[in-house]
Protein chains: 2
Amino acid sequence: MRIGELSERTGTPRRLLRYYEEQGLIAPGRSANGYRAYDENTVDRVLQIRGLLDAGLPTRIIRQILPCLDKPRVIHFRDATPEMLATLEQELNRMTDRIRCLTRNRDAIAEYLAEVSRHKAG
Amino acid sequence: MRIGELSERTGTPRRLLRYYEEQGLIAPGRSANGYRAYDENTVDRVLQIRGLLDAGLPTRIIRQILPCLDKPRVIHFRDATPEMLATLEQELNRMTDRIRCLTRNRDAIAEYLAEVSRHKAG
DNA sequence: ATTGACCTTCACATCAATGTGACGGTTCGA
DNA sequence: TCGAACCGTCACATTGATGTGAAGGTCAAT
């Protein structure tokens, strides 16, 4: 598919699709006329990228973790350098921290809303 | 305490502590000489702010949700306008989305690391 | 063949979070 | 009283993610 369709299907401005490519997050082919050619699973990948960006990860990190998330999992042991593994472990920890923080605060908001609605009902 | 101590105890540059204040996230008093005076629980508040920022929330949103998270919970019903409640609910949903995304990807990284280490061991 | 809806690259603009440093006042200990 | 280590404001710079628009190529339908 071309960039317009991908943009529509992912709700992502074309500008950003090109930006993600520039950042090495996606790598579309090119058709004869020079247009970018995306395959079907790029849709999911873009959504995944956007989710991670929205969760505070910078493109630099996303670029590093994306290859580990491909299904079916194929491990390129060239890439699995000790530094890379250390980075991954560190990011994994940061993600866990984020999850904790988000969960705690989300639950607090939920409690607040529950209490407000209890008040209105009571 | 003054800004230096708060900075050290939260690992946050002074510049940012002033920025958070400018954004209405913290509101220190002032001592006679004009120095900012923070009380003890500002430490936790700053850590909470940093966590939320790191998880992708903008200061604008953090400013809105912080008052709902104060313990002990005191609901200022002036603030609980329908629009405010709608915003909170929406942010709650976005946070849930983020948690889902982070959890999924974190688990995938964990699996990847497990597989690599299985390979090294095997 | 022209129009309109695509696509391309390039470049400058914006916004939020953060870095950095200038310049000056305060406090405290040697 | 001097210097070091704080603090204050102000302001300009940077970085990453994004907005926007110009100038031009491609292609399908009329």
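Just the heavy atoms: all of them, side chains too, but no hydrogens, waters or symmetry mates, feed the values below. The chains referred to below are lettered A, B, ... by the order of the sequence lines, with proteins before strands, and numbering in each begins at 1.
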Return the value, rounded to whole Å, for the distance between atom [atom1] of [X] and atom [atom2] of [N].
| X | N | atom1 | atom2 | value |
| --- | --- | --- | --- | --- |
| A:Arg15 | D:dT20 | CZ | P | 12 Å |
| B:Tyr20 | C:dT18 | OH | C1' | 9 Å |
| A:Arg14 | C:dC7 | CZ | C1' | 9 Å |
| B:Asp54 | D:dG16 | CG | P | 16 Å |
| A:Leu17 | C:dC7 | CG | P | 10 Å |
| A:Glu21 | D:dT18 | CD | P | 16 Å |
| A:Arg63 | D:dG16 | CZ | C1' | 12 Å |
| A:Ile3 | D:dC27 | CD1 | P | 17 Å |

Salt bridge check, [Y] against [X]: does any charged N sit closer than 4.0 Å to a carboxylate O?
| X | Y | result |
| --- | --- | --- |
| A:Glu40 | A:Arg9 | yes |
| B:Asp97 | B:Arg94 | no |
| A:Glu21 | A:Arg36 | yes |

- Strictly below 4.0 Å, heavy-atom distances to any atom of DNA chain D: list the hits from residues 87-102 of chain B, or just say none.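 Of all residues in residues 87-102 of chain B, none places a heavy atom under 4.0 Å from DNA chain D.
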- Item | pair A:Asp39-A:Met1: side-chain heavy atoms closer than 4.5 Å | no
- Message: Test of understanding: clusters of I, L, V, M, F, W, Y form through side-chain heavy atoms closer than 4.5 Å, transitively. Do A:Leu88 and A:Leu66 belong to the same one?
- Response: yes
- Item | Hydrophobic cluster membership, B:Ile61 vs B:Leu16, 4.5 Å side-chain cutoff |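 Looking at the clustering, B:Leu16 is in the same group as B:Ile61.
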- Message: Please confirm whether the shortest side-chain N or O distance from B:Arg18 to OP1 or OP2 of D:dG8 is below 4.0 Å.
- Response: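 Indeed, a polar side-chain atom of B:Arg18 lies that close.
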- Return no unless some side-chain N or O of B:Thr59 is found under 4.0 Å from OP1 or OP2 of C:dA17.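 It does, given that an N or O in the side chain of B:Thr59 lies less than 4.0 Å from OP1 or OP2 of C:dA17.
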- Item | Sugar-phosphate only, base, or nothing, as touched by A:Arg2 at under 4.0 Å among non-hydrogen atoms |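 Since only primed, P, OP1 and OP2 atoms lie under 4.0 Å of A:Arg2, the category is sugar-phosphate.
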Minimum-distance nucleotide (side-chain atoms of [X] versus [options]):
| X | options | result |
| --- | --- | --- |
| B:Tyr35 | C:dT9, D:dG8, C:dT18 | D:dG8 |
| B:Tyr19 | C:dA17, C:dT9, D:dG8 | C:dA17 |
| A:Asn33 | D:dC27, C:dT8, D:dA17 | D:dC27 |

- Message: Within the supplied structure, the quantity of interest is the number of heavy atoms (other residues, nucleotides, ligands) at a distance under 6.0 Å from A:Glu115 CD; does it exceed 12?
- Response: yes
- Starting at the 5' end of DNA chain C and moving along, which residue's nearest nucleotide shows up first, A:Arg30 or B:Leu16?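 Its nearest nucleotide being more 5', the pick is A:Arg30.
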- Task: Using heavy atoms to find the nearest nucleotide of DNA chain C for A:Gly4 and B:Gln23 separately, return the residue whose nucleotide is more 5′.
- Result: A:Gly4
